[in-house]
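When reading the values below, keep in mind they use all heavy atoms of this one structure, side chains included, and skip hydrogens, waters and symmetry mates. Being a predicted model, the structure only gives us computed values, none of them experimental. Counting starts at 1 for both ligands and their atoms, in listed order.
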Amino acid sequence: MRIGVFGGTFNPVHEGHLRLMRRCREELGLEKVLMIPTALPPHKQTELAPSAAARLEMCRLAVRDLPFVEVSAMEIDRGGKSYTVDTIYALKAAYPEDELILLVGSDMFYTLPDWKRAAEIFRLVSIAAAAREEGEQEAMFRQKTRLWQLGARAVVLSAPPLAVSSTEIRAGRGDAAPPAVQEFISQNGLYGREKRLGYDLDALTRFVRERLSPKRFIHSLNVASEAIRLARQHGADPNESYIAGLLHDCCKELDRESMLKTVGNSAIINDKIFLASQKIWHGFAAANLMQTELNIQNTAILDAVRVHSTGRAGMTMLDQILYLADLVSADRTYPGVEELRVLCYRSLPAAMLSALSFLIADLVRRGEAVYPGTLDAYNEFACSMREQAAGESGKTKP
Ligand code: ATP
């Protein structure tokens with residue numbers, strides 16, 4: 001199999017990147033392209049850098065309609081500075097029988113001899129380069145000759161250039177980002193844009209009502225109202241909180257098969273503890289459905305919904321608000337709910353610790369597995385509350 005290897009900062013991904021992958025596939029007969037966002041760009045640093053997870057997500061959104069492209073998190077997972085030579089060695093091990101072709105735009109093509117251990121790269125892969133500007137062909141052919149002299153097998157694509165760049169998008173010029181990526185940027189307020197949620201609340205409410213029994217629909221409205229009050233109390237975004245509350249249970253009444261299908265075929269489905277904990281599936285399914293069917297690309301909302309019954313390490317304020325609003329909404333009447341409700345308005349971390357302690361004790365008593373994210377969250381809140389208590393008792397000492 002001929003596999004294209006396409007690395008970049010993708011900050012953010014744009015039509016020039018997509019065009020390059022399509023053209024390489026056609027001209028070189030590639031069966032697959034691995035698109036690999038870098039962890040930390042060694043060639044360039046940018047001041048307006050969203051998280052690696054956000055860049056990865058934008059790549060996934062951009063290639064939804066390009067089935068031959070697989071977005072790989074290998075460099076982001078490896079962390080630290082990303083060097084192409086390390087990635088190529090890892091890919092050679094993963095695809096020992098296949099031919100790897102490094103895909104680059106002209107700017108990278110000119111700098112190739114300066115890359116770390118360039119001679120090894122030239123030995124392991126061939127290189128295909130695309131022009132980025134009109135009138136570049138001649139310079140690119142000269143560079144190709146130079147590279148052949150250095151032992152590289154390089155070709156220059158005949159594709160006409162599409163002169164767009166991530167820099168332009170970050171600066172708010174042009175519309176070179178694919179539509180789903182533009183939506184992601186505006187919903188998450190990236191690159192200094194104002195956050196814009198732009199949802200039709202009536203349509204979202206209908207979406208939930210159609211999927212739920214009347215009782216659970218009322219619960220969803222109650223959670224949304226509770227979430228908005230908690231957000232106002234603690235200084236979180238009320239709109240994001242309301243949307244998360246409204247949609248958090250939208251998959252709860254799916255049958256087992258549909259639920260797993262909606263979660264998607266990510267690694268998570270094959271996780272033993274996840275499979276054993278059916279009660280937590282609906283959050284993961286809901287986040288996926290919201291993204292694909294409702295075009296909600298706001299990661300704060302999606303993450304909060306995803307982990308609303310598990311918790312996770314590093315819970316954001318919105319995560320905590322949704323988790324707790326679900327437990328103390330107006331329709332909840334179990335013993336102790338009043339105390340927890342009061343605590344939620346006083347301190348989110350204290351309320352989280354109380355709720356997670358109760359949940360974990362209950363799961364342990366019933367001999368059920370505890371999802372790792374729940375334990376991570378518990379440990380973090382337990383430590384931070386102890387630190388806070390120690391700080392407060394220290395303050396009162398003479
Ligand atoms: P920036 O503007 O931040 O420098 P960029 O638009 O160059 O970003 P990168 O993520 O740095 O995008 O590029 C990844 C790869 O895609 C590089 O090999 C680059 O040369 C190539 N590339 C980027 N834009 C184009 C384009 N318009 N046409 C062809 N190749 C491109």
Tell me, please: is [X] in heavy-atom contact with ligand 1, that is, under 4.0 Å?
X	result
Ala176	no
His14	yes
Phe6	yes
Glu168	no

Connected-component partners of Leu162 among ILVMFWY, side-chain separation under 4.5 Å: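 Reading the cluster by chain and number, Leu162 sits alongside Val164.
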What I want to know is whether [X] and ligand 1 share at least one N or O pair that is separated by under 3.5 angstrom.
X	result
Asp107	yes
Leu20	no
Val104	no
Val164	yes

Any side-chain donor near an acceptor of the partner, Glu133 and Ser106, under 3.5 Å: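 Glu133 vs Ser106: no donor-acceptor pair found between side chains.
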Atom CZ of Arg196 with >12 non-hydrogen neighbours under 6.0 angstrom: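 Buried by this count: over 12 neighbours within 6.0 Å.
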Residue portion contacting ligand 1 (non-hydrogen atoms closer than 4.0 Å) for Arg19: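 Neither; no heavy atom under 4.0 Å.
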Any donor-acceptor N/O pair, Arg55 side chain to Ala39 backbone, under 3.5 Å: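 Yes, because the side chain of Arg55 sits within donor-acceptor range (under 3.5 Å) of the backbone of Ala39.
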For Ala129 against Met140, the heavy-atom pair lying closest together: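 Nearest heavy atoms, Ala129 then Met140: CB-CE, 3.7 Å.
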Glu293 to Phe207 - nearest heavy-atom pair and separation: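 Scanning both residues, the minimum pair turns out to be OE1-CE1, 4.0 Å.
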Test item: Cys344 and His234 side chains (from C-beta on) under 4.5 Å apart, heavy atoms: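 No, every pair of side-chain atoms sits at 4.5 Å or beyond.
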Nearest neighbour of atom 1 (P) of ligand 1 from the list Ile36, Thr167, Thr9, on a heavy-atom basis: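 Residue with the shortest heavy-atom distance to the ligand atom: Thr167.
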